[in-house]
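Shown next, in structure tokens, is the structure this report addresses.
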Amino acid sequence: MKTISITDRCLEVLALAMIGEGIVGLLRPSRYSRFWKVGPEPVREFTEYLAEHRDLTRAFCVGEIAVGLRLALREVA
């Protein structure tokens with residue numbers, strides 16, 4: 001039986017979080033963007049911009065899901 005390293009386990013948890021977060025962003029892009037409206041003013045302005053441009057937010061979320069899937073489905077040596 002193969003032992004999974006802590007790093008591999010952490011990457012898998014990150015992948016699952018990215019997939020889930022990406023799905024929520026696809027379904028509720030404005031709410032998702034405003035959820036992340038924290039930090040310095042430029043970050044808050046960018047999240048507000050994303051909230052107003054739902055299709056752009058969805059595009060980012062599709063990318064997040066793709067990266068999450070790639071991490072989740074990778075072969076662990």
Side-chain angles (χ1 to χ4, degrees):
M1 187 165 106
K2 184 170 37 172
T3 304
I4 298 176
S5 72
I6 295 294
T7 302
D8 289 332
R9 181 68 64 192
C10 289
L11 285 173
E12 191 161 329
V13 169
L14 174 64
L16 294 172
M18 290 176 73
I19 294 165
E21 186 179 46
I23 290 171
V24 170
L26 280 175
L27 298 175
R28 303 284 303 269
S30 295
R31 182 178 180 204
Y32 168 81
S33 295
R34 288 191 174 105
F35 177 78
W36 292 109
K37 194 173 181 178
V38 296
E41 185 63 28
V43 173
R44 292 194 309 268
E45 289 173 359
F46 182 65
T47 57
E48 187 59 35
Y49 177 82
L50 288 176
E52 295 169 2
H53 296 85
R54 293 187 306 245
D55 290 338
L56 181 58
T57 302
R58 286 186 176 115
F60 278 125
C61 289
V62 167
E64 183 176 16
I65 292 168
V67 171
L69 286 171
R70 176 69 181 104
L71 280 173
L73 299 176
R74 70 188 173 85
E75 291 295 323
V76 178

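Fair warning: this is a prediction, and the values are worked out from it, not measured in the lab.
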Would you say L27 ends up clustered with L69 if hydrophobic residues are merged whenever their side chains have heavy atoms under 4.5 Å apart, either directly or through other cluster members?
yes

Hey, are the side chains of L26 and I65 touching, using non-hydrogen atoms and a 4.5 Å cut-off?
yes

Check G25 against R58 and note the closest heavy-atom contact, atom names and distance.
O-CG, 4.3 Å

Work out which heavy atom in S30 is nearest to a heavy atom in A51; give both atom names and the distance.
OG-O, 2.9 Å

Separation between CZ (F60) and OH (Y32), nearest 0.5 Å, reads 10.0 Å

How many angstroms lie between CE in M18 and SG in C61, if you round to the nearest 0.5 Å?
10.5 Å

More than 12 non-hydrogen atoms from neighbouring residues, nucleotides or ligands closer than 6.0 Å to CD1 on I6, yes or no?
no

Name of the residue among E45, R44, E52 meeting side chain to side chain contact (heavy atoms under 4.5 Å, CB included) with E48
E52

Would you find more than 12 non-hydrogen atoms of other residues, nucleotides or ligands less than 6.0 Å from R34 atom CZ?
yes

About how many Å separate CG of L14 and CD of E12, when rounded to the nearest 0.5 Å?
10.5 Å

Student check: side-chain heavy atoms of K37 and V43 closer than 4.5 Å:
no

Results of ring-ring contact (aromatic ring centres under 6.0 Å, His included) for Y49 - residues two or more places apart only:
H53

Hey, are the side chains of L50 and L56 touching, using non-hydrogen atoms and a 4.5 Å cut-off?
yes

Minimum heavy-atom distance between G68 and A15, given as atom pair plus value:
O-CB, 3.2 Å

Got a second to check how far F35's CZ is from E21's CD, nearest 0.5 Å?
8.0 Å

Is the shortest side-chain heavy-atom distance between E64 and I19 below 4.5 Å?
no

